Amino acid sequence: MTAVAGGFGPLLPEEWEDAAALVRQGFGIPREYFDRSVELFGPDVMRGLRAGPETDRAGQVVACAAVWPMDQWFGGRPVPSCGVAAVAVDPAERGRGCGSALMRGVLEEARAGGAALSVLYPATLPLYTRLGFGRGGVSFDWSAPPASLAAGPPPGDGRVRRTDAADASHLAALRRSLLVSGNGLVERNEGLWSFALCPDGVPSDVYTLDGPAGPEGYIAVAPPAKRRLAVADLCLLSPRAVRLAQGFLGGYRAQVDRVSWRGGPDDPLILLAPDSGPRADARDEWLLRILDVRRALEARGYPPGIVGELTLDVSDSLIPGNSGCFRLRLSGGKAAVYPLPKGVGGSEKAAGAVLSLSAAALATLYSGHKGPGVLRQVGLLRGGEDAMALAALIFSGPAPWMPDRF
Ligand SMILES: CC(C)(COP(=O)(O)OP(=O)(O)OC[C@H]1O[C@@H](n2cnc3c(N)ncnc32)[C@H](O)[C@@H]1OP(=O)(O)O)[C@@H](O)C(=O)NCCC(=O)NCCS
C-alpha cells in the first residue's frame, strides 16, 4: 500500500535526513546546502507530511517544505507573510495528493499563526493555483555587457566605497527605502540576507554608493569568473547611486563579457542604459496566497488621496473564513475592512461598488501585479464600471517584484 495523507507537522531533527533526501530528489540540492539553509533559517523551519497509519510506510516522511515568517511590503506597509520553499514529495509517492495535503497543512498553520499572506516560487503551477495561489509579481534576471552600462564619467560629488558586510544592518537600513517605495519586497531575515550576499556560500564584496551626505545605495558583487560578473545584491536609491553603479560595473569591461543582476521590471540600470545591450535572461513569477482577507487588506498601505468604499465578494474553496463580502473603507492611505453579514439563504447584502473574484484573483489584484481591467477581460473578476475604476485607483502602485529567490 502507498502513502496517503498522514500527519502534517514540524519535522524532528532525526527526520532531517529523510527531508534532505526528498529535497535532493526534488531540486538536486546537495546535503551541505540543505544543512546550511536549516542552520541559517533555524531548526524549526522544516515541515513534513508523514504517511498515514493504514499504509506500509506508516509514520515515514513522504513530503517536506520549509516555512518561515517574514514581512512582505505592499503600499508602504509591512504585511505578515509566510515564505514557503523546498516543497518536495518522495518520487515514489507523487501524484497521490501528498503535495496538496502538505501545502494545506502549511497554509492552515500559517494562517493560525497570524500570517495574512503566503508567498512562493512555483516549479509547477496547477498544484498551487488549485490551493488558491495567484500570480503575485516577478523577478527578472538581467544581464548586459559592462560597456553598455557605463554612461559617461561618474558624478564628481559621489564615490564608491568598499564596506564591511559582516553586519548587514547598515545595508538593511538603506534597503528599507526600497521596501517602502516598492511593492512585494520582503524584509530579509538572517537567512535571506545570507543568501543575498553569499549566494553560493562565498561572501560577496560589498560597496556603498556615497553622496555628499552619506550612502545612497550599495552593490554586492561576487568575484568575476568565466568572464562574467554576478551582482549578488543591489540597492540604488538616487540618480547619483545609479550613475555610480553604472561606472563601477563599466569598470569591469576588460575582465568580463557580461554583468548579471536581479531586479524588477522597472530596473534603474535598464531604464538608464545608454544602449540596447542589456537583456532579460529570465522572468520568473512568484505566487501569492491571501490567507486572511481582512488582515491582508487592513495591513497593506494604499495611495493616500483615495477616499471611497469598495465591496469585494470573495470566493475561497479552501479557507471558509475568506469567503464572503468584505467592505473596504479607504481613507488616509489605510483601509478599514468590514465583513458583511450573510443574508437569508447565505447571500450577503452587497450594495454600491462590488467586485466578485476568487481568492487567487484577489492576490493578483492586491499585489498590484495585474489591474482589474485585465482580470475582468480574462474572466477572473466581475464588476461594474464604478467598482472597476475605484479598484484601479486603490490597487495602483509600482509593479511588484522581488530579487530574493527561495
Ligand atoms: C510538485 C510536487 C510537489 C507535487 O506533489 P504531488 O504529491 O505529486 O502532488 P499532488 O498529488 O498533490 O497533485 C497536485 C497537482 O500537482 C501536479 N503534479 C502532480 N505530480 C506532479 C509531478 N510529478 N510534477 C509536477 N507536477 C505534478 C498536478 O497538477 C497535480 O494535479 P492533478 O493530479 O490534478 O494533475 C512533486 O511532484 C515534487 O516533489 N516535484 C519535485 C519538486 C518540485 O518541483 N517541487 C515544487 C517546488 S515549487
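Everything quoted here is computed from the prediction, not taken from an experiment. We count ligands from 1, going down the list as the structure has it; atoms in each ligand are counted the same way.
In terms of protein heavy atoms, atom 43 (C) of ligand 1 is closest to V87 O, 3.7 Å. The protein heavy-atom contact nearest to atom 42 (C) of ligand 1 is G26 O, 3.6 Å. Nearest protein neighbour of atom 33 (O) of ligand 1, counting heavy atoms only, is R130 NH1, 4.4 Å. G97 N, 2.6 Å is the protein heavy atom nearest to atom 11 (O) of ligand 1. The nearest protein atom to atom 39 (O) of ligand 1, hydrogens excluded, is given as V89 N, 2.8 Å; this is a heavy-atom distance. Closest protein heavy atom to atom 38 (C) of ligand 1: R94 NE, 3.4 Å.
Considering backbone and side-chain N/O of R96, one or more are found under 3.5 Å from N/O of ligand 1.
Contacts of Y121 with ligand 1, taken as heavy-atom pairs under 4.0 Å, involve the backbone alone. By the criterion of a heavy-atom distance under 4.0 Å, both the backbone and the side chain of S100 are placed next to ligand 1.
Ring geometry, Y302 versus F395: the interplanar angle exceeds 60°, so the pair is classed perpendicular (tilted spans 30 to 60°). Under the 30°/60° scheme for interplanar angles, the aromatic rings of W68 and F406 are found to stand perpendicular.
Residue-ligand proximity, A88 to ligand 1, at heavy-atom distances under 4.0 Å covers atoms 39 (O). Under a 4.0 Å criterion applied to the non-hydrogen atoms of C98, ligand 1 contributes the atoms 7 (O), 12 (O). The ligand atoms of ligand 1 that sit less than 4.0 angstrom from a heavy atom of P126 are 29 (O). Close approach of ligand 1 to Y128 (heavy-atom distance below 4.0 Å) involves ligand atoms 46 (C), 47 (C), 48 (S).
No donor-acceptor pair closer than 3.5 Å links the side chain of S81 to the backbone N or O of M70. Using a distance-only test at 3.5 Å, with no hydrogens or angles considered, no donor-acceptor pair links the side chain of R135 to the main chain of H369. With hydrogens and angles ignored, the 3.5 Å screen pairs no side-chain donor or acceptor of R327 with any backbone N or O of P339.
Between the CG atom in L127 and the OG atom in S100 there is a gap of 5.0 Å [rounded to 0.5 Å].
Among P122, G95, A123, G99, the residue whose heavy atom lies closest to atom 8 (O) of ligand 1 is G95. When the heavy-atom distances from atom 16 (O) of ligand 1 to V62, T124, V84, L127 are ranked, the shortest goes to L127.
Close placement of the F41 and F195 rings is indicated, their centers lying within 6.0 Å of each other.
Partner of W261 under the side chain to side chain contact (heavy atoms under 4.5 Å, CB included) criterion, out of V221, L149, D233: L149 alone.
We find that D281 and R279 are joined by a salt bridge, their nearest charged nitrogen and carboxylate oxygen being less than 4.0 Å apart. Ion pairing between R175 and D404 holds under the 4.0 Å rule for side-chain N and carboxylate O.
At a distance under 4.0 Å, no protein heavy atom can be found next to atom 21 (C) of ligand 1. Within a 4.0 Å radius of atom 47 (C) of ligand 1, the protein contributes at least one heavy atom. Under the 4.0 angstrom criterion, atom 18 (N) of ligand 1 counts as lacking any protein heavy-atom contact.
Heavy atoms of Q25 come nearer than 4.0 angstrom to ligand 1 in no pair at all.
More than 12 heavy atoms of other residues, nucleotides or ligands sit less than 6.0 Å from atom CD of E285.
Side-chain contact, R405 with S139: a donor N or O sits under 3.5 Å from an acceptor N or O.
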